[in-house]
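Structure, as structure tokens:
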Amino acid sequence: MVKDLTNSELDRKNILNNNLAVQEAYNYLGFQGIKFEGKFRYTKIQVAQYFEVDVRTINRLLENHRSELDQHGHEVFAGNRLRLFKEALSQLKDIDVPQLEDEGDGELVGARATALNVFTFKGFLNVAMLLQGSERARQLRASILDLVLDTLNQRLGGTTKYVNQREQDYVPSALREFNYRQEFTNALDKYIDQNQFKYGQLTDRIYMSIFKEKSKEYRQILKLNTKESVRATMYSEVLDLVSAYENGFSDYLRKAYEEKGELLRLSEANVLFKEFEEMTEMAFQPLKEKARSLMASRDMAFRDALHEQLKEYISEVSQEDFDKFLGEKSKSLEERLSENIDVFIRLKNK
DNA sequence: ATCGGGTACACGAGCTTGGC
DNA sequence: GCCAAGCTCGTGTACCCGAT
């Protein structure tokens, strides 16, 4: 599916929030900005010249997409900041930066200018994603999409299946969940009649309650084969919630069993689950919303997977998330495991 | 629907001017 | 020669419009 960046704010944000990709794009383009306050800056005139469009066209983008552009680094310099920026500019002129000399005939800033539109590199990319008419912008959009895929592939070694395991919280959450899962299956063994369907059915009920998909549907959406573990692909926030359900429902089953004094039937357990779900509805609501939103948004951005049932929860993936899963602190599971060995031992001895 | 063009007004820093 | 008021200029912002 080819994304049309010019008409999807969500897709634009998902690229601009990916700092790694933005960094790659900067290196790739070699469009040198003026370093100011730690960021590379471009004046409105520079941006217009780069894309070979009228300055007026950039003005119109500013009128129609102001908040988005501001969010991605567009600013108006005035007063003291403008003075400092002009100084930085004239210093560059002295050292004779060819990039700046070549572009256009006039000065980048008039001496008496009292306000100035300035973009960061990210803002410049944002403009590229909005300009429909510029051929250079169109080419840049295509390169960006390739770059995003490349960096994703580079980081993840070709597969996005286990991208969920790359963040710091995954291993502790997975280990905790593993323990609660054991308690849960123990509870199903102890309190429910012998029935080959009980594990699958009640697990699916938990999944349905949290993210509106049964295990089978989830597998299809993430293209997992039968040997691949569903839980190994879940984000820590989802795993935590699964743990909460398993722990809570195990206890609920035990009480029902003790009250009844004999083994429960699977049909009874299903009714009990419905009760449990209603009882915890309000308490779990905020966590469910969060888990659904993170899961749907991340799977869209990282795995190119669409959870149809969670469509309304899709939003942008935050910069923090991109860093968490793809940035310097992100790591493969093998690295995480050796790091978390003490946690593992602690949980095992519980 | 997008783009370039036009107009009008606001703003503030630098320049000009005129009174002392 | 000095100072402050007022003017000038480049820019931003917000409209509208017609050509393509």
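To find a chain, count down the sequence lines: A is the first, B the second, and so on, and within it residues start at 1.
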Q. Closer than 4.0 Å, any side-chain N/O of A/Asn59 to the OP1 or OP2 of B/dG5?
A. no

Q: Round to a whole Å and report the spacing from CZ of A/Phe119 to P of C/dG12.
A: 9 Å

Q) OP1 or OP2 of C/dG12 less than 4.0 angstrom from a side-chain nitrogen or oxygen of A/Lys44, does that happen here? A) yes

(Q) Closest-nucleotide mapping onto DNA chain B: is A/Asp54 or A/Arg83 further toward the 5' terminus? I mean the 5' end. (A) A/Asp54

**Q.** Pair A/Glu63 + A/Arg60: basic N to acidic O under 4.0 Å
**A.** no

What nitrogen or oxygen pairs link the protein and nucleotides 8-11 of chain B at under 3.5 Å?
none

(Q) What is the separation between atom NE2 on A/His65 and atom P on C/dT13, rounded to the nearest whole Å? (A) 15 Å

Q: Let me know the distance between CG of A/Leu82 and C1' of C/dG12, rounded to the nearest Å.
A: 12 Å

(Q) I'd like to check the ring pair (Phe, Tyr, Trp, His ring centres under 6.0 Å) partners of A/Phe77; sequence neighbours left out, ordered by chain and number. (A) A/Phe36, A/Phe85

Q) Expressed in angstrom and rounded to an integer, what is the separation of A/Gln132 atom CD from B/dT2 atom P? A) 5 Å

Protein N or O to nucleotides 14-20 of chain C N or O, pairs below 3.5 Å:
residue: C/dA14; atom: N7; partner: A/Glu63; partner atom: OE2; Å: 3.3
residue: C/dC15; atom: N4; partner: A/Arg56; partner atom: NH2; Å: 2.8

**Q.** Among C/dT11, B/dC3, C/dT13, the nucleotide that comes nearest once only the side chain of A/Val76 is considered
**A.** C/dT13

Q) Relative to the ring of A/Phe276, is the ring of A/Phe284 parallel (under 30°), tilted (30 to 60°) or perpendicular (over 60°)? A) perpendicular

**Q.** Atom pair distance, as rounded to whole Å: CG in A/Asn117 and C1' in C/dT13
**A.** 10 Å

